[in-house]
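What follows is a short report on a single structure.
As the structure lists them, so they are numbered: ligands from 1, and atoms in each ligand from 1. Since the structure is predicted, the reported quantities are computational estimates derived from the model, not experimental observations. Throughout, numbering of the chain's residues begins at 1 and tracks the sequence.
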Amino acid sequence: AKSFPKTEACFQRKFGTNAAAAQAEVPRKEEIEEKAAPKPFIDVQAERQEQAERSVLISCQSKTNEKKFLKLLSKHGDIKKYFYYESYGTYAVVEFANKESIASLLEATAIPSVNHESTVPFKSRLLSLRGSGPAEQSRLQCEPQTTIPINELIQRLSREESVDRQVTSLTEAYQLTEENVHLRFLVCSLVKDIAAAYFPECIIRPFGSSVNGFGKLGCDLDMFLDLDGISGRNIKVPKTGLSLEYQMKRASSERAVTQSILSVIGECVDQFGPGCVGVQKILNARCPLVRFAHQPSGFQCDLTANNRVAMKSTELLYLYGALDQRVRCMVFTVRCWARAHGITSSIPGAWITNFSLTVMVLFFLQRRSPPIIPTLDHLQELAGPGDKSVIEGNDCTFVSDFSKIQLHNNTETLEQLLREFFEFYGSFAFTKMSINIRKGKEQNKPEVAPLHIQNPFEPSLNVSKNVNGTQLERFVALCQESSWLLQQSDISTPRGGSEGQTPVPWGLATLLLPSQVAVIKGRKKRKREPASERIKSLLESLKNKNQQKKS
Ligand code: GTP
Ligand code: MG
């Protein structure tokens, strides 16, 4: 068994030391060496949040004189880091070494005087660079904030020399970058400044794929308005003698309070929030939310409140993703594969969600022999007193200290795992069994539903309740097809290709090409078709797609 060391000195595995590093860097297999345990989720969050508070977002010109720009900002203190990106214009994220610099900078910033219009004088850390200097010849170097299109990805993967490299290459192409994570926390911090007008002690925390290690560039930004830190909740009222308490408005339920808070903050974001557009209040959903687009960052934002369980499942996913680098690689690959075949969708409906798919990958990795990741029950056993967490009567406790977790010595390659994944779900007893990562074993289904995945923290709930029979059948058929494809020697060997020419798809790249499942009924018929024919038709469809793109 392998365990994580407690100190930086005793290296065990190569891991990033925080979420972004874990996301920004997928070590090549040959680079895997011993390194210290990853940091607990809450520590990474706190560091990122603090960094965001020391940062500003500035709209500038693509040909801004960088030297002069940095000189102007440096008047207010040392700049620790900065980068540029494009999104409806060019923007700079500037992180100062000290928070005081922000106050100084804002003090020297002017309120715009506009003709024929008026402005809401709400100040924030979203600024614009004004004035002109001699235009620069060169443009600012921008960091990409979106992924490459699928066709480009297919070509990139086709140039790799092993399926393992294809899987890591896909992960490298899709994962969030260090800069993108910084920007996500900065946007949360900007929204916090708006909410703080009502609740000065509030925190806006990102959750979901922005921070769980499985985020793809361009994914939405899930935010959680955290009011639990408001002081005064833990003040003990003396049994005798006088004491004071706040008078507060009461509502009929927790839900009603959440709705009214989100309604007001949503209104404020809409009316006063610079750069926030298309605000929609979706307050009657199971989990009430305010949805809006933050234009300067290009993020689609979902703001929720009183959503502690989702925060806990984010932490759990982060932990699993940081335990073994194969976890993130598998999740990225399966998510990308599912998206390419329309198994998941950006529109809500009877589709399998990314969250369900992730839980399915985790379950599969628990079922390996020996298991690659531990069960949730085991993680609960390892928890210390500080890890205790009960939310609405549900025990959400699990360990946060990575050094307490012992891993088995499973050496399966990504290629093996991918093939086995499709095999596993291509023949899983979905009609009878439920997927359960708490136990790490399938359980008898407690209720009728085509796909049953037990919610890890609310055991009576099915995470995939929305999925209908047709969607499950498509998933199973595609798993079978992909498993079959990976077993064909002509598909699973690199095909080479001359320099400068479009490489011939092979391995993982073939799995991302349009499938024949929808057209060909029955697996037997497809099996008899020679593999060369299959590749030919797959190639044809890729060519057509390329042509469509060009025209
Ligand atoms: P993306 O598709 O990249 O946005 O993935 P995501 O993980 O961020 O999913 P999404 O934005 O739909 O949801 C955000 C978070 O809410 C997830 O990471 C989960 O923690 C939680 N969540 C989403 N769907 C469910 C669900 O059906 N059940 C439970 N318990 N939690 C969910
Ligand atoms: Mg999300």
Side-chain angles (χ1 to χ4, degrees), residues 19 23 41 45 145-147 171 174-176 180-181 184 187-188 204-225 282 285-294 297-321 327-328 331-340 342-363 376 389 391-392 394-396 398 434-438 449 451-467 471:
Q23 286 174 11
F41 180 74
Q45 299 298 295
Q145 307 298 323
T146 50
T147 54
T171 311
Y174 271 14
Q175 68 194 345
L176 302 183
N180 193 266
V181 175
R184 283 171 189 269
V187 172
C188 286
I204 301 237
R205 304 182 187 280
F207 71 100
S209 58
S210 297
V211 284
N212 67 15
F214 304 121
K216 174 185 160 191
L217 276 175
C219 69
D220 67 353
L221 173 54
D222 302 295
M223 302 189 233
F224 164 61
L225 172 69
I282 310 169
R286 193 179 73 91
C287 182
L289 72 133
V290 174
R291 177 165 287 173
F292 61 94
H294 186 260
S297 62
F299 294 142
Q300 179 70 36
C301 304
D302 277 352
L303 174 65
T304 58
N306 197 12
N307 194 9
R308 291 237 141 244
V309 182
M311 207 65 214
K312 251 337 203 189
S313 38
T314 300
E315 181 180 349
L316 181 68
L317 261 45
Y318 164 85
L319 184 128
Y320 275 130
V327 179
R328 292 182 58 246
V331 171
F332 271 100
T333 304
V334 171
R335 278 189 175 199
C336 174
W337 165 86
R339 193 71 181 85
I343 291 173
T344 51
S345 164
S346 53
I347 312 157
W351 293 273
I352 299 178
T353 61
N354 269 338
F355 182 65
S356 296
L357 210 52
T358 308
V359 178
M360 289 171 93
V361 175
L362 296 179
F363 181 72
L376 179 50
S389 163
I391 302 166
E392 288 160 22
N394 291 307
D395 194 346
C396 303
F398 61 89
S434 160
I435 289 164
N436 185 319
I437 58 163
R438 189 162 269 289
L451 176 60
H452 197 281
I453 303 173
Q454 194 197 57
N455 185 325
F457 296 120
E458 291 163 288
S460 62
L461 300 180
N462 174 12
V463 167
S464 53
K465 200 174 152 189
N466 62 311
V467 177
Q471 290 306 319

Taking the side chain as every heavy atom from C-beta outward, state whether [X] and [Y] have any atom pair closer than 4.5 Å.
X: M360; Y: L451; result: yes
X: N394; Y: V309; result: no
X: F355; Y: S313; result: yes
X: W337; Y: I343; result: yes
X: F398; Y: L316; result: yes
X: I437; Y: F363; result: yes
X: V327; Y: L362; result: yes
X: D222; Y: D302; result: yes

Which protein heavy atom lies closest to [atom], and at what distance to 0.1 Å?
atom: atom 10 (P) of ligand 1; result: D222 OD2, 4.1 Å
atom: atom 20 (O) of ligand 1; result: S313 OG, 3.1 Å
atom: atom 3 (O) of ligand 1; result: S209 OG, 2.8 Å
atom: atom 27 (O) of ligand 1; result: V463 O, 3.5 Å
atom: atom 18 (O) of ligand 1; result: G208 CA, 3.3 Å
atom: atom 2 (O) of ligand 1; result: N354 ND2, 2.9 Å
atom: atom 4 (O) of ligand 1; result: D220 OD1, 2.8 Å
atom: atom 21 (C) of ligand 1; result: A310 CB, 4.1 Å

- [ ] With the Mg ion (ligand 2) as the centre, enumerate protein N/O/S atoms below 2.8 Å in chain and residue order.
- [x]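 Only D220 OD1, D222 OD2 fall inside 2.8 Å of the Mg ion (ligand 2).
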
Open item on the list: Using heavy-atom distances only, which candidate in F355, F224, F214 approaches atom 25 (C) of ligand 1 most closely?
Closed with: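 Of the listed residues, F355 has the closest heavy atom.
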
Task: Ring center gap for Y318 and F41 short of 6.0 angstrom - done: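 Yes; F41 has its ring centre under 6.0 Å from that of Y318.
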
To check you understand the geometry: which heavy-atom pair defines the closest contact between [X] and [Y], and what is its length?
X: C188; Y: M223; answer: SG-CG, 3.8 Å
X: T147; Y: Y174; answer: CG2-CD1, 3.7 Å
X: F214; Y: L317; answer: CE1-O, 3.5 Å

Open item on the list: Would you call the rings of F224 and F207 parallel, tilted or perpendicular, taking 30° and 60° as the class edges?
Closed with: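 Rings of F224 and F207: perpendicular, as their planes differ by over 60°.
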
Task: ligand 1 versus E315: contacting region, heavy-atom distance under 4.0 Å - done: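 Contact part for E315 vs ligand 1: neither.
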
TODO: Using a 4.0 Å heavy-atom cut-off, say whether F207 meets ligand 1 through its side chain, its backbone, both or neither.
DONE: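 Within the 4.0 Å criterion, F207 contacts ligand 1 through side-chain atoms alone.
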
- [ ] Flag N455 as yes when one of its N or O atoms lies below 3.5 Å from any N or O atom of ligand 1, and as no otherwise.
- [x]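 Between N455 and ligand 1 (N or O atoms, distance only) the closest approach is under 3.5 Å.
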
Open item on the list: If you measure every N or O of R286 against every N or O of ligand 1, does any of those distances drop under 3.5 Å?
Closed with: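 No: no nitrogen or oxygen of R286 is under 3.5 Å from one in ligand 1.
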
Ligand 1 atoms in contact with [X] (distance to a heavy atom under 4.0 Å):
X: R335; answer: 3 (O), 5 (O), 7 (O)
X: C219; answer: 3 (O)
X: T314; answer: 20 (O)

TODO: Decide whether the shortest distance between a heavy atom of G215 and an atom of ligand 1 is less than 4.0 Å.
DONE: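 No, that is not the case, since the closest heavy atom of the residue is not under 4.0 Å from the ligand.
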
TODO: Could you establish whether K216 and ligand 1 come within less than 4.0 Å of each other, counting only heavy atoms on the residue side?
DONE: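 Contact absent.
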
TODO: Would you sort out whether L217 and T146 count as a side-chain contact (heavy atoms from CB on, under 4.5 Å), showing the intermediate values?
DONE: CA-CA 5 Å; L217 276 175; T146 50; 5.5 Å; no

Open item on the list: Under a plain distance cut-off of 3.5 Å, with no hydrogens placed, do Q300 and D220 share a side-chain donor-acceptor pair?
Closed with: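 On atom types as modelled, these side chains do not qualify, holding no pair under 3.5 Å.
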
Open item on the list: Any protein heavy-atom neighbour for atom 12 (O) of ligand 1 (distance below 4.0 angstrom)?
Closed with: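 No, there is no protein heavy atom closer to it than 4.0 Å.
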
